[in-house]
Every structure is written in structure tokens, then in C-alpha cells.
2 protein chains.
Amino acid sequence: MFVAERHVRSRPVRDVCALQAVLAIISNKWVPAVFEHLSGATELSYGDLYRRINGASRKMLSATLRNLVRDGLVQRSPRTGPPPQRVYYRLTNLGRSLVDSLDGLHAWADSHVHVIEAARQPRAD
Amino acid sequence: MFVAERHVRSRPVRDVCALQAVLAIISNKWVPAVFEHLSGATELSYGDLYRRINGASRKMLSATLRNLVRDGLVQRSPRTGPPPQRVYYRLTNLGRSLVDSLDGLHAWADSHVHVIEAARQPRAD
DNA sequence: CGGGATCCACGTCGATACTG
DNA sequence: CAGTATCGACGTGGATCCCG
């Protein structure tokens with residue numbers, strides 16, 4: 001896991017691994033969508049998320065949520081009651097702080113992604 | 001590529017795709033390390049980077065740099081001169097702005113990654 | 001020195017079908 | 001409603017060898 005731990009003299013390389021670990025989490029295809037929707041509501045059921053996130057299969061949504069719960073970013077709250085049982089998901093405080101920290105990158109992406117895609121054009125495709 | 005473009009009524013979902021595109025770039029294993037090292041110097045040669053980034057094969061470093069150049073985040077400057085030819089890489093302005101925007105997430109990762117890993121423990125590894 | 005070509009292992013993602 | 005099981009497609013990453 002440790003990418004660079006030597007030659008740490010004057011320059012940063014403060015902890016690329018931590019960043020990598022977080023990137024590994026949020027770069028899973030449906031994580032950004034889940035974050036986006038959960039940050040816009042106090043809590044959403046599995047079905048709510050499934051309907052809102054277009055394109056994700058149930059399996060992928062389940063796996064995504066399970067991983068986020070495992071990492072303590074999302075809280076799972078099953079409603080043990082009448083037959084149509086529902087499971088609600090919400091961001092934990094940790095999850096919200098991550099979404100907040102992601103905001104800067106999010107804004108950058110919104111305003112610069114077109115520049116990147118434009119730079120890619122010259123190479124066909 | 002477009003994950004969520006429908007059902008954009010009142011809630012955000014401002015542009016998850018842009019974020020995903022950027023995440024797809026920076027979540028490539030050696031990108032964070034390359035960014036880190038290039039942001040700590042005006043320019044570094046291929047060999048410099050290869051020596052600094054421990055664990056990366058030449059192939060992966062090449063591919064990583066090629067992609068970053070393609071996306072306009074890194075500039076490639078070959079030194080056409082004496083036999084031991086060298087190729088220098090440096091961040092473009094676009095690349096630097098991305099690294100800057102990544103700083104918030106980087107800081108978050110440094111201070112919270114241990115919490116996440118602690119949360120993961122209970123499930124045996 | 002700075003790469004590219006090839007082959008292979010592995011993980012992610014998707015479609016489908018099935019269960020409590 | 002809320003998932004799990006299985007399979008297959010694809011992409012990333014790594015090792016090795018070769019080239020200018």
C-alpha cells in the first residue's frame with residue numbers, strides 16, 4: 001500500500017496512501033450518485049435510491065451501499081414493521097464530512113471537465 | 001458515461017458525471033503519487049519520477065503520464081540533445097489547479113482514513 | 001534513458017434469475 | 001421491498017522482454 005515513504009526530505013508526499021484509500025472508495029461507479037442523493041435528503045430507502053439513480057442494477061446498488069456502510073460513511077436503518085419492510089439509508093457524520101470535503105473537487109470538475117474533454121479530442125475517439 | 005441526467009428537478013445531482021470523469025482520472029493507481037511529486041518540483045524527468053515513486057513499473061508510469069498528458073494535466077518536454085536523452089514532465093496550469101482542488105479531499109483523507117479503517121476492523125479483514 | 005508490446009491475474013461492473 | 005447468486009465482459013495493474 002505504501003507508495004512513497006522514502007526520500008521524504010523537504011517535499012510533501014505527506015500521505016498519498018490515505019488519499020488513495022479514499023479515492024478507492026469514492027471512485028466506485030455509483031458512490032458519487034449515492035452521495036449526491038443522500039446529501040440532498042435526511043434519509044432515503046433502498047427503493048428511493050434505486051429509482052433516483054438511473055442505470056444502477058439492484059446488485060450494484062446493494063454492493064455500493066454495503067461497502068459504504070462497512071466504511072462507516074452510510075448508516076443502514078431497517079424498518080422492522082409491516083410486510084412491505086423498508087430499509088433506510090442516510091449519511092453518517094463521517095459521510096457528510098467526506099461529501100463536504102469532496103465539494104471542492106466537485107466544483108473543479110464541473111468547471112474544468114469540458115477543458116479536459118476538449119484536450120482529448122485531437123486523439124480521435 | 002452519463003449516470004444521472006434525468007429526474008433533475010429540485011435536488012442537486014448537479015453534475016455527477018463531471019465528478020466521475022475526474023475521479024476516473026485521479027483514481028488510477030499512480031496518479032496521486034505523480035501529482036504529489038510533480039507538485040513539489042517545477043519539473044522532473046521520467047527517471048526522477050521512476051526512482052521517487054516506489055513500486056510503479058516503467059510501463060505503468062509511462063501509461064499514467066501519457067494519460068495525464070492526453071488530458072492536459074501534465075506537460076511533456078523531451079530534451080533533444082546528447083545521447084542520454086531525457087524527458088521532463090511538469091504540471092500544466094490545469095493540472096496545478098486540479099491538485100489544489102484535491103487538497104481538501106487530501107486533508108480529509110489524512111485525518112479520517114484511520115477512522116474508516118477502524119470501522120472496517122470488526123468485519124475481520 | 002524512455003518508452004512500447006505482450007501476456008496474465010484480478011477486480012469491477014452488468015444482466016439475469018432467484019430468495020426472504 | 002430488499003436484497004443475494006451466478007456468470008461473463010471488460011479494464012486496470014503487474015511482470016517480462018524488446019526497441020530506438
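Lettering follows sequence order; numbering is per chain, from 1. Quick note: numbers below take in every heavy atom, side chains included, and nothing from hydrogens, waters or symmetry partners.
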Axis-to-axis angle for the helix from dC1(C)-dG20(D) to dG20(C)-dC1(D), ends of five pairs each, to 10°, equals 40°
Hits for side-chain contact (heavy atoms from CB on, under 4.5 Å) against Ala56(A), two or more places apart or cross-chain, chain-then-number order -> Trp30(A), Ile53(A)
Task: Side chain to side chain, Leu94(B) and Asp71(B), heavy atoms closer than 4.5 Å - done: no
In short, ring pair (Phe, Tyr, Trp, His ring centres under 6.0 Å) pairs touching residues 92-120 of chain A with sequence neighbours left out are Trp108(A)-His112(A)
For Ser45(A), the side chain to side chain donor-acceptor pair (under 3.5 Å) test, sequence neighbours excluded, returns Asp48(A)
Letter by letter from the 5' end, nucleotides 3-15 of chain C scores (B base, S sugar-phosphate only, - none; protein heavy atoms under 4.0 Å) BSBBB-----BBB
With sequence neighbours left out, the residues meeting side-chain contact (heavy atoms from CB on, under 4.5 Å) with Val74(B) are Leu38(B), Leu68(B), Val69(B), Tyr89(B), Leu91(B)
In the 5' to 3' direction, the nucleotides of DNA chain D bounding the stretch that comes under 4.0 Å of a heavy atom in chain B are dG13(D) to dG20(D)
Hits for side chain to side chain donor-acceptor pair (under 3.5 Å) against Asn28(A), two or more places apart or cross-chain, chain-then-number order -> none
Taken in chain and number order and not counting sequence neighbours, the residues that satisfy side-chain contact (heavy atoms from CB on, under 4.5 Å) with Arg90(A) are Glu43(A), Gln75(A)
Residue pairs passing the salt bridge (Lys or Arg N to Asp or Glu O under 4.0 Å) test with at least one member in residues 92-103 of chain B, sequence neighbours excluded, are Arg14(A)-Asp103(B)
By side chain to side chain donor-acceptor pair (under 3.5 Å), Gln85(A) pairs with (sequence neighbours left out) none
Ser62(B) meets the side chain to side chain donor-acceptor pair (under 3.5 Å) criterion, sequence neighbours left out, with Tyr46(B)
